[in-house]
Amino acid sequence: MTDPKMLRKLLDYNPETGELTWKERTADMFAQDGQMKSWNTRWAGKPAFTADNGNGYLCGSISGISYRAHRVAWAMCHGKWPDEIDHINGIRRDNRIFNLRSVTRTENNRNAARRKDNASGCVGVSWEQSRGKWLAHIKVNKKNINLGRFSEKSEAIAARQAAEVKYGFHENHGRAAVDDGSGH
């Protein structure tokens with residue numbers, strides 16, 4: 001991976017907007033004379049990492065290696081590459097630094113949007129037709145935990161929400177899926 005110090009030589013990052021732009025390059029960054037002027041004319045000052053990777057994340061490449069913009073932004077601000085990044089608000093194109101947090105895979109999964117096909121309006125709450133009850137459950141450390149069956153949907157939702165607090169889920173977990181314009 002490109003060293004974060006090198007990222008700062010190649011790119012500008014605006015932490016308030018989350019946008020990356022290419023910096024002017026110096027002659028020592030090119031193998032042949034004339035390449036610097038050509039590159040700077042075409043790219044310097046222009047937006048960088050603006051391609052959609054097919055999953056709604058912005059990406060781009062440096063020296064033929066593809067990177068996601070949010071990981072580049074984090075590395076530039078913190079001087080090291082993260083293991084995994086969570087977009088706190090769930091918008092994959094929102095790379096403002098206050099919307100990014102370095103997390104474990106488990107922590108990232110605890111800030112997931114509600115699936116679009118969720119019929120109850122709450123993650124971990126479903127209708128059990130055979131029993132005529134609302135079922136509440138939660139998955140923690142790869143283990144499903146049954147939180148109970150309830151006559152009222154509101155009771156099942158309350159049980160699920162209490163479990164999310166107990167097990168350290170992010171407050172945004174289960175939010176409605178966001179249409180960020182990316183098609184994802």
Side-chain angles (χ1 to χ4, degrees), residues 1-25 39-40 42-125 138-141 157 160-161 163-184:
M1 284 197 263
T2 302
D3 185 273
K5 289 179 187 175
M6 178 55 79
L7 293 175
R8 290 187 201 109
K9 288 181 181 179
L10 300 174
L11 298 158
D12 278 318
Y13 171 66
N14 183 331
E16 293 177 22
T17 65
E19 294 172 347
L20 291 158
T21 53
W22 293 111
K23 284 185 172 180
E24 279 196 22
R25 295 195 180 174
W39 193 94
N40 285 335
R42 183 169 182 191
W43 299 109
K46 303 268 180 17
F49 291 77
T50 58
D52 186 308
N53 75 343
N55 290 317
Y57 294 103
L58 296 176
C59 65
S61 65
I62 297 173
S63 301
I65 300 170
S66 183
Y67 298 96
R68 290 182 178 180
H70 57 279
R71 294 180 55 75
V72 170
W74 182 268
M76 288 179 71
C77 285
H78 296 280
K80 62 182 180 178
W81 287 98
D83 290 327
E84 188 155 337
I85 292 290
D86 177 35
H87 287 81
I88 296 168
N89 67 7
I91 300 173
R92 295 173 176 179
R93 300 170 85 80
D94 184 353
N95 294 319
R96 296 172 293 169
I97 198 64
F98 68 82
N99 187 47
L100 304 177
R101 63 184 184 133
S102 180
V103 296
T104 64
R105 172 62 50 101
T106 297
E107 290 169 319
N108 203 0
N109 289 339
R110 290 181 178 180
N111 185 21
R114 183 174 64 242
R115 289 175 39 141
K116 292 177 183 177
D117 64 353
N118 181 297
S120 72
C122 182
V123 173
V125 173
I138 194 165
K139 191 172 191 173
V140 178
N141 299 327
I157 291 172
R160 170 60 193 222
Q161 289 172 338
E164 287 178 6
V165 170
K166 177 181 177 180
Y167 293 110
F169 281 60
H170 193 277
E171 64 185 28
N172 288 347
H173 184 76
R175 70 193 170 279
V178 179
D179 181 3
D180 63 5
S182 68
H184 305 293

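Scored by the side chain to side chain donor-acceptor pair (under 3.5 Å) test, Asn89 finds Asp94, Asn99 as partners (sequence neighbours excluded). Listed by chain and number, the residues in a side chain to side chain contact (heavy atoms under 4.5 Å, CB included) with Lys166 amount to none (sequence neighbours excluded). In this structure, the side chain to side chain donor-acceptor pair (under 3.5 Å) partners of Thr2, at least two apart in sequence or on a different chain, are Tyr67. Checked against salt bridge (charged side-chain N to carboxylate O under 4.0 Å, His left out), Arg101 has the following partners two or more places apart in sequence or in another chain: Asp86.
Checking side-chain atoms of Asp52 against main-chain N and O of Gly54 turns up a donor-acceptor pair under 3.5 Å. Side chain of Arg92 to backbone of Asn55: a donor-acceptor contact under 3.5 angstrom is found. For His170 (side chain) and Arg110 (main-chain N/O), no donor-acceptor pair under 3.5 Å exists by modelled atom type. Between the side chain of Ser61 and the backbone N or O of Gly64 there is no donor-acceptor pair closer than 3.5 Å.
Rounding to the nearest 0.5 Å gives a distance of 10.0 Å between CG of Leu20 and OG1 of Thr50. The distance from the CG atom of Leu58 to the NE2 atom of His70 is 9.5 Å, given to the nearest 0.5 Å. A distance of 10.5 Å separates CZ in Phe169 from NZ in Lys139, rounded to the nearest 0.5 Å.
Side chains of Asn111 and His87: no donor on one and acceptor on the other come within 3.5 Å. Side-chain contact, Asn118 with Ser120: a donor N or O sits under 3.5 Å from an acceptor N or O.
Sorted pairs that involve residues 10-21 and meet side-chain hydrogen bond (donor to acceptor under 3.5 Å, both in side chains), not counting sequence neighbours, are lacking altogether. Here salt bridge (charged side-chain N to carboxylate O under 4.0 Å, His left out) pairs that include residues 64-84, with residues two or more places apart or in two chains, are Glu84-Arg105.
Proximity of Leu11 to Val72: side-chain heavy atoms (C-beta onward) are separated by under 4.5 Å at one or more points.
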